Amino acid sequence: MDLGISGKWAIVCAASKGLGRGCAAALAGEGVNLVINARGAEALAATAAELRSAHGGEVIEVAGDITTDTVRRAVVEAAPQVDILVTNAGGPPPGMWSDWSRDDFITAMDANMLTPIALMQAVLPGMIERGWGRVVNITSGSVKAPIPQLGLSNTARTGLTGFVAGTARQVAEKGVVINNLLPGIHATDRANSLDGPVAEQKGISIDEARVLRQATIPARRYGSPEEFGATCAFLCSQHSGFMIGQNVLLDGGAINATI
Ligand code: NAP
């Protein structure tokens with residue numbers, strides 16, 4: 001299927017590794033030019049070089065923390081125009097409801113709610129003026145079914161989901177499509193960082209912890225950044241125009257719900 005987005009410009013945040021990188025690679029594979037971001041300049045440069053040599057499009061790197069105003073501005077200004085925005089940032093650490101302070105909540109909300117909102121506010125006017133735009137926010141399956149130890153994530157991402165639900169319906173008539181992509185467990189560094197404490201707590205290896213977790217997923221495996229990226233590219237395509245404000249879950253069936 002031709003996704004019809006060759007030659008467009010996309011910003012993909014937090015894209016040197018993991019799911020962001022999967023989205024950047026899938027878009028580059030469709031002929032989309034990219035601005036990619038992450039804090040670590042070295043890994044970002046390596047990813048940019050790989051994407052350029054694999055797909056041949058333009059890839060501009062903006063290294064820095066996407067939760068800061070300065071880096072958000074730099075990312076938006078780096079693209080000649082922003083047709084596609086994929087928001088992403090690291091997830092908050094696990095913990096216990098009784099331990100989180102106001103500052104912990106503010107940090108989580110900055111990364112996983114206020115940053116994507118600020119980026120949308122920066123790029124939506126241009127998309128509306130040109131009559132075409134696509135936004136995909138990488139959130140989490142935790143907005144559908146809470147993950148108790150990730151309470152900071154549950155809280156911040158649910159706020160973003162509320163913002164998107166209303167805003168997507170306000171901009172749809174202008175040709176701008178906003179949706180959220182909800183990962184369940186995927187094989188990335190983030191998955192390792194969550195499996196590590198479980199392994200430690202149970203006195204087993206990280207591989208054993210992974211096998212236990214895979215057994216709870218109907219697909220019996222973790223998702224891959226490549227298949228996550230392919231879904232993201234579809235949501236950014238010409239074909240997603242009637243899909244407004246949806247929360248698309250990619251979790252191998254882990255959340256047991258009829259709808
Ligand atoms: P990952 O493999 O750890 O990769 C995170 C990427 O984001 C890296 O490129 C990292 O590079 C970059 N990054 C992190 N914080 C950043 C910041 N403040 N500014 C700019 N770049 C930043 O994580 P992932 O698995 O792809 O997860 C992506 C998102 O999906 C996270 O929010 C995560 O919580 C969520 N999620 C993941 C899963 C899963 O199973 N993987 C499940 C549910 C939700 P630098 O460190 O160099 O900045």
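Note that the structure is predicted; figures quoted are calculated from it, not measured. Both counts, for ligands and for their atoms, begin at 1 and track the order of listing. Below, each value reflects all heavy atoms present in this structure, side chains not excepted, and no hydrogens, waters or symmetry copies.
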Sorted by chain and residue number, the side-chain hydrogen bond (donor to acceptor under 3.5 Å, both in side chains) partners of Arg157 (sequence neighbours excluded) come out as Ser153
| So, for His186 and Phe228, is the gap between ring centers shorter than 6.0 Å? | yes
Donor-acceptor list for residues 21-35 side chains, cut-off 3.5 Å, not counting sequence neighbours:
from: Arg21; atom 1: NH1; to: Thr47; atom 2: OG1; distance (Å): 3.0
from: Arg21; atom 1: NH2; to: Glu50; atom 2: OE1; distance (Å): 2.5
from: Asn33; atom 1: OD1; to: Glu58; atom 2: N; distance (Å): 3.0

Scanning both residues in full, the closest heavy-atom pair of Asn179 with Gly245 reads OD1-N, 3.2 Å
Contact set, ligand 1, heavy-atom distance under 4.0 Å, ordered by chain/number, equals Ala14, Ser16, Lys17, Gly18, Leu19, Asn37, Ala38, Arg39, Gly40, Gly64, Asp65, Ile66, Thr67, Asn88, Ala89, Gly90, Gly91, Ile138, Thr139, Ser140, Arg157, Pro183, Gly184, Ile185, His186, Thr188, Asp189, Arg190
Those residues at least two apart in sequence (or on a different chain) that pass side-chain hydrogen bond (donor to acceptor under 3.5 Å, both in side chains) with Asp103 are none
- prompt: Looking at Trp132, does the NZ or CZ of Lys8 lie under 6.0 angstrom from its six-membered ring centre and within 45 degrees of the ring axis?
  reply: yes
